[in-house]
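Some notes on the structure that comes next.
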Amino acid sequence: MAMPKFYLTTPIYYVNDVPHIGHAYTTILADVIKRYKQLRGFQVMFLTGTDEHGQKIERSASKQGLGPKQLADSMVKRFKELWQTLNIDYDQFIRTTDEEHVRGVQKIFAKVREKGDIYLGEYAGHYCISCENFIPDSAEETTDGKRTCPDCGRATANRVKEKCYFFRLSAYGGKLLKFYEENPDFVTPRSRMNEVVSFVKMGLRDLSVTRSTVKWGVPVPGDPQQTIYVWFDALANYITAIDYLNESERFASLWPADLHIMAKDILKYHAVYWPAFLLAAGLPLPKKELIHGWWLKDEKKMSKSSGNVLDPHILLKHFSADAIRYFLMREASIGADGNFSHEGFINRVNTDLTNDWANLVSRTTGMIEKYFANSFRDTARYTVKEDEIRDRYVELEKAVLDNFDQYQFNRGLESIFEYVNSLNRYIVEVQPWNLAKEKENEPRLAAVLKTLARAILSVNTLLSPILPDTAAKVRGIFNAPDPGLGWKDLPETSAIQPGMQLFPRVDGKVFFAEGDAFPAKEGAAPPATTPLPQGIGAGDEGLIEIQDFKKVQMVVARVLAAEKVEKADKLLQLKIDTGSDTRTLVAGIALFYKPEDLVGRKIIIVKNLKPAKLRGILSQGMILAASDAGNRPYIPILPDDTPVGAILK
RNA sequence: GGCGGCGUAGCUCAGUCGGUAGAGCAGACGGCUCAUAUCCGUUAUGUCGGGGGUUCAAUUCCCUCCGCCGCUACCA
């Protein structure tokens, strides 16, 4: 019988960023799943790779005096090196600059266009280079005639009016909803599935899928002025990697993918856009998408700006790949954000891996060495205790496979370590060192040690997807090459090769003394406590420093004009004079204030609030108003002689 | 504002299809010596977020409030 296939993917990583712990987590998760599926008898195809197109890459490359491909090459090298260090056994590494990928993207694009679901349209408005996104023209302008991107707050490029191709996403809402309904487990965990459904239920708008301003990318077939937009390009990797171009036997046997793995921030692209693209191209949809959370650093989101991004290389200076893999799989449950702290990391690894697991192996082999000179004969004086060890292993295996099948590695590992602890308890109960004192107890001693060896080897298999290096070492120690599941047997006479340290203890003091836990502050002493959120100290009831207050620029402004926002009951659009400029803001006060109540009045606004788009209108600032329990606003109106632009402090 | 989730021991979390709760870590005490100062045992603390309701009985069901998180919006 042929082995069933299992095609699994990570996202392709954007080469604008060096590999960090988030990339590592997704990829380790995929690798663990691969190894687990192999254990269950699947023929696995594991795909990862890099996303290399887009204006951002073009720009950061030229900043460094490189071509975009050169930049990508150097980043690819770093990703591949890290994957090797972390023992990632991927089968294929795709790059969006690969020839087969480029041609494959063009093929699916052309196919959908022929079908009529990609059409040529026109876009007029602004463009945010950073987000590579169009900014609606309704956005009010900044001082120099540009717009502020509502997503990132950066100024846009100059106004553009360009042709581009649109994907008829609006036509797929119903089909997607039907698919979700028939496949409620398409997105795991369920809460993410619900988010997707509600997003689609609110209605989908057609999606622009090309850019004429971007040159570094896949050209539209027959229209080389246009470049296929990054997401259409990137998502297609899952099919181009397996020869969608020729729709060969390989493609037929692997597609649809069994599992796409990703972090929660790119859920929408994978669970809405990607299935829609595939439906349009007449291809089957992937079977499942597994969404994981983010790793927070000391409760805070990691970001380049806060300088707390965790570099896996620093951990690798002190810890083995297996230790890192174990921690990530043990500490986070799929779906929830995990919290990374160095204290927690050291603690978990030392406790579980060094004290419990490695020490169990070490004391068992130590006794075999000491009492039997490394080789003992099974003289079979077993008791009910040994039967229990075996029976409980059988139960454990069943439970763990159940957890792992649902990708709940944290749960499975928890049960495994309960069992490991019970083996340590067993040793204390039977006291082998006392048995060793009487020659007549030797058969009994042999039975105990052999049972331990069998239990260790059996558990070792369950751990092997997470700890591949260690698992191989343990098999080597007991001369037991078989990596399969089930209660392991050993030959009647077995020899071991002791003396191997599986997990050296890492001393927290040494680790912190080297400053590696805090790469952002090279050489600085670690803070005694967890850093507090900026500006707010614990126990001082949310008091702020005067510097914090000064961050908020409040000024007196005069209302020049006011009107109701169309199709919005609660919104008024105001044109105001802030003393230094004229700007638009939108306020949710229409139920209580009429436009004519406000025109000419002096009010207080927050001037430096990040602009936001409300009902398509960019609101640059905020009116200060009191608000009662029913959220009724009360706007302070200043005396008529208050100077416009006066600062409140 | 809407939808969803969460709030349980100092920390991380499990659990109860309703009968006043648990595991690991950290702490305290004790035991063993095969083992990487490891292992094993005993052990403290919880108004199970607040309030109300249903019930003989609620931490578990219902309502409401507070706080946090996610998605989203006519919050800004």
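Here is how names work: the chains are called A, B, and so on, in the same order as the sequence lines, proteins then strands, and each is numbered from 1.
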Inset, instruction - Please examine the side chains of A:Leu315 and A:Phe327, heavy atoms only from C-beta on, and report whether any two atoms are closer than 4.5 Å. - result: no
Inset, instruction - Report yes if the side chains of A:Leu267 and A:Phe199 come closer than 4.5 Å at any heavy-atom pair, otherwise no. - result: no
Which nucleotide sits closest to the side chain of [X]: [options]?
X: A:Trp433; options: B:rG70, B:rU36, B:rC32; value: B:rC32
X: A:Arg411; options: B:rC39, B:rU72, B:rG15; value: B:rG15
X: A:Lys264; options: B:rC40, B:rU72, B:rG70; value: B:rG70
X: A:Met367; options: B:rC71, B:rC34, B:rU38; value: B:rC34
X: A:Arg348; options: B:rC39, B:rC74, B:rG24; value: B:rG24
X: A:Thr354; options: B:rC39, B:rU36, B:rG24; value: B:rU36
X: A:Val428; options: B:rU72, B:rC40, B:rG70; value: B:rC40
X: A:Thr351; options: B:rA35, B:rC25, B:rC39; value: B:rC25
X: A:Asn347; options: B:rC40, B:rU38, B:rA26; value: B:rA26

Between [N] and [M], how many Å separate the two [atom1] atoms, rounded to a whole number?
N: B:rA21; M: B:rA9; atom1: C1'; value: 11 Å
N: B:rC13; M: B:rG2; atom1: P; value: 28 Å
N: B:rU45; M: B:rG52; atom1: P; value: 26 Å
N: B:rU36; M: B:rG30; atom1: P; value: 25 Å
N: B:rU43; M: B:rG22; atom1: P; value: 12 Å
N: B:rG10; M: B:rU47; atom1: P; value: 7 Å
N: B:rG19; M: B:rC25; atom1: C1'; value: 31 Å
N: B:rU60; M: B:rC6; atom1: C1'; value: 16 Å

Contact class for [X] (heavy atom, under 4.0 Å): base, sugar-phosphate, or nothing?
X: A:Asn194; value: nothing
X: A:Arg425; value: sugar-phosphate
X: A:Ala587; value: sugar-phosphate
X: A:Asp352; value: nothing
X: A:Phe503; value: base
X: A:Leu585; value: nothing

Nearest whole angstrom, please: distance from the [atom2] of [N] to the [atom1] of [X].
X: A:Arg330; N: B:rA14; atom1: CZ; atom2: P; value: 11 Å
X: A:Glu414; N: B:rA23; atom1: CD; atom2: P; value: 12 Å
X: A:Arg192; N: B:rC6; atom1: CZ; atom2: P; value: 13 Å
X: A:Asp356; N: B:rA23; atom1: CG; atom2: P; value: 16 Å
X: A:Ile291; N: B:rC71; atom1: CD1; atom2: P; value: 13 Å
X: A:Leu435; N: B:rC34; atom1: CG; atom2: P; value: 13 Å
X: A:Asn350; N: B:rU36; atom1: CG; atom2: P; value: 15 Å
X: A:Asp265; N: B:rU72; atom1: CG; atom2: P; value: 12 Å

Taking any strand in view, what nucleotide pairs with [N] in a Watson-Crick or G-U wobble way, both distances under 3.5 Å?
N: B:rC71; answer: B:rG2
N: B:rU12; answer: B:rA23
N: B:rA28; answer: B:rU42

Inset, instruction - Check for a donor-acceptor pair, side chain of A:Asp206 on one end and backbone N or O of A:Ser170 on the other, with a separation under 3.5 Å. - result: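 The answer is yes, because a donor-acceptor pair under 3.5 Å joins these two groups.
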Legend entry - Aromatic ring pairing A:Phe409/A:Tyr407, orientation class (parallel under 30°, perpendicular over 60°, tilted between):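 The arrangement is tilted - the two ring planes meet at 30° to 60°.
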Inset, instruction - Verify the neighbour count for atom CD1 of A:Ile647: are there more than 12 heavy atoms of other residues, nucleotides or ligands below 6.0 Å? - result: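 No, not enclosed.
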Legend entry - Heavy atoms from other residues, nucleotides or ligands near CZ of A:Arg505 exceed 12 (cutoff 6.0 Å):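 Count over threshold, so yes.
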Inset, instruction - Report yes or no: do A:Thr383 and A:Glu386 form a side-chain donor-acceptor pair below 3.5 Å? - result: yes
Inset, instruction - Could you pull out the closest heavy-atom pair between A:Pro432 and A:Ile427, with the gap in Å? - result: CD-O, 3.2 Å
Respond yes when some side-chain nitrogen or oxygen of [X] is under 4.0 Å from OP1 or OP2 of [N], and no when none is.
X: A:Asn355; N: B:rC39; result: yes
X: A:Lys201; N: B:rC71; result: no
X: A:Arg363; N: B:rU36; result: no

Inset, instruction - Nearest-nucleotide wise, let me know which of A:Ser198 and A:Val586 is further upstream toward the 5' end of RNA chain B. - result: A:Ser198
Legend entry - Pairwise 5' ranking along RNA chain B for A:Ala358 and A:Met202, keeping only the more 5' one: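 This one resolves to A:Ala358.
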